[in-house]
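These notes are about the structure you will find just below.
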Amino acid sequence: MPSEQWTHPEPGDGPAAVAAQPSPEQVIAGLRATSEGGAELTQLLTPEGERVPSPQFDKYVEDVDAEALRGLYRDMVLVRRADREANAMQRQGQLGIWVPLLGQEAAQIGSGRALKANDMAFPSYREHGVAYARGVDMKDLLGIFRCTDHSGWDYQQHGFHPYTIVIGNQVLNAAGYAMGQKFEGKVGDDDGEATICYFGDGATSQGDVHEGFVWAAVYDAPLVFFCQNNQWAISEPTERQSRLPLYQRARGYGFPGIRVDGNDVLACLAVSRWALDECRHGNGPVLIEAFTYRMDAHTTTDDPTRYRLSDELEEWKLKDPIERVRAYLARGGFADQAFFDKIQEEADAFAADLREYTFNMPEPPPERIFSNVYAEGNPVLDAQREEFLSYLDGFVSAGEH
């Protein structure tokens, strides 16, 4: 007798699991039921690197010729190489923690490259690829994880907000920012502004996310909710987070939702362009569920072998976002081995530069923590700084005597 599925089924699919705790068989059944993303998955490149025509979304990537696709491939290779280097540096004690993005390069580069200069992005703490696409120096990210800085970039210049560690909190920030865009009349035509907000499948269980949905819907905010469903909220599968596919949650708030193949950079670019265009013309918000997979740990403090099966990981390796673009370029004669070797050499040099910088990263002076708290001087903060520095000077004086 087949095991019950640990999800709320669609009509005719059979009963949902009734046990308070799912059995291993139920969890596996739920994972297998969603491993392909479902019939409504938007895909333009198959895992084998074959182009899939889309009457709805092809027009959003008409400008992506072979040169542009080679550029997207380069972006993903460089970002992955930087991610792997940062992961290794954390293991060597150079970073306090690292949040890997391995496997999610297409979702981040595709959506990040869809943004225009006057758009704003609100990340969580894993969007290293989006940061790269927005022109943020990857070195500025490393200071966060070495615990020497909060964020080293100008978020207004890059249209990329500082990382948010509190799960889901960035959705409220993004909703408020997008509402401001609407109130200031910055939407309504091709030159309108839009905002995109990134969060994971686990964050959809947080109240902040749903409050953001409500406010954005009520005020027609030009906000794209970009959920990277990497199948695991730390150690809990998506099936423990929702009875329905996550993109369908948009129905309850009255705005459209769509599921895209998160390992397909071309589809992520097209769907994100469409959604951002809807928002900048005043038809937002929109929810995108990028159906992807976290091929590494949640963070470097996590051990994924304790809660997921190795054959699941091996299955998703066959859907690698970088390899499908490589296959498409090679099959179509758009790139040769010399090109791929050159990109790999560039990626290795990129990682070496980040490594050199991290090993020699200067320690900030103690008064740095008081910088940029307020736009202008604040007497209370000034008094706290003087008290703190005086306290530290006391240790120096004691040491001298």
Side-chain angles (χ1 to χ4, degrees), residues 7-8 10 30-31 33-45 52 54 56-57 60 101 103-112 114 121-124 126-127 129-130 167-168 170-171 174-175 194-206 208-210 212-214 216-217 223-233 236-279 284-295 316 319 321:
T7 59
H8 188 278
E10 294 291 334
L31 290 170
T34 61
S35 64
E36 295 300 328
E40 297 184 26
L41 183 75
T42 300
Q43 186 179 81
L44 299 182
L45 280 180
V52 180
S54 171
Q56 181 180 0
F57 292 108
Y60 290 98
L101 61 70
Q104 298 178 222
E105 297 88 357
Q108 296 192 16
I109 292 298
S111 61
F122 284 78
S124 61
R126 198 186 302 274
E127 279 67 53
V130 183
I167 305 297
Q170 71 275 15
V171 179
T195 295
I196 190 168
C197 181
Y198 294 89
F199 52 93
D201 47 294
T204 63
S205 295
Q206 294 289 335
D208 285 1
V209 174
H210 295 276
F213 285 178
V214 170
L223 177 56
V224 176
F225 297 102
F226 196 93
C227 175
Q228 293 178 85
N229 179 3
N230 62 21
Q231 312 304 314
W232 289 94
E236 293 290 352
T238 307
E239 286 66 40
R240 296 299 305 275
Q241 305 290 322
S242 176
R243 289 185 169 191
L244 290 172
L246 298 179
Y247 76 96
Q248 293 185 14
R249 285 187 167 184
R251 297 177 184 175
Y253 301 92
F255 55 84
I258 185 171
R259 173 179 277 185
V260 64
D261 186 341
N263 285 18
D264 177 355
V265 69
L266 201 58
C268 288
L269 176 64
V271 170
S272 297
R273 281 179 169 178
W274 162 77
L276 289 163
D277 194 53
E278 285 289 296
C279 287
V286 177
L287 171 62
I288 298 175
E289 178 193 358
F291 200 81
T292 182
Y293 190 78
R294 167 168 57 81
M295 292 202 292
W316 277 92
K319 307 171 188 177

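Note that these values count all heavy atoms, side chains included, but never hydrogens, waters or copies made by symmetry. Since the model is a prediction, treat every value here as computed from it, not as a measurement.
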Within the structure provided, determine whether [X] and [Y] are in side-chain contact (heavy-atom separation under 4.5 Å).
X: Arg259; Y: Pro245; value: yes
X: Phe199; Y: Ser124; value: no
X: Trp232; Y: Tyr293; value: yes
X: Ser272; Y: Ile288; value: yes
X: Cys197; Y: Leu223; value: yes
X: Leu269; Y: Phe57; value: no
X: Gln231; Y: Asp201; value: no
X: Val130; Y: Pro123; value: no

Donor-acceptor pair, side chain of [X] and main chain of [Y], under 3.5 angstrom:
X: Gln108; Y: Arg126; result: yes
X: Arg249; Y: Thr204; result: yes
X: Glu289; Y: Leu287; result: no

Could you go step by step and tell me if Phe225 and Phe213 meet the ring-ring contact (aromatic ring centres under 6.0 Å, His included) rule? CA-CA 8 Å; Phe225 297 102; Phe213 285 178; 4.6 Å; yes
Is the closest side-chain donor-acceptor distance between Glu40 and Tyr247 under 3.5 Å?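 Checked: Glu40/Tyr247 side chains pair up, N/O donor to acceptor below 3.5 Å.
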Please name all residues satisfying salt bridge (Lys or Arg N to Asp or Glu O under 4.0 Å) with Asp261, sequence neighbours left out, ordered by chain then number.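 Checked Asp261 against salt bridge (Lys or Arg N to Asp or Glu O under 4.0 Å); matches are Arg324.
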Should Ser54 and Tyr60 be marked as a side-chain hydrogen bond (donor to acceptor under 3.5 Å, both in side chains) after you check the CA-CA gap, both sets of side-chain angles, and the distance that decides it? CA-CA 10 Å; Ser54 171; Tyr60 290 98; over 6 Å; no
Does Thr292 have any side chain to side chain contact (heavy atoms under 4.5 Å, CB included) partners at least two apart in sequence or in another chain, and if so, which?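 Side chain to side chain contact (heavy atoms under 4.5 Å, CB included) list for Thr292, sorted by chain: Gln104, Asn230, Asn263.
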For Gln43 versus Leu45, what's the shortest heavy-atom pair and its separation? CG-O, 3.3 Å
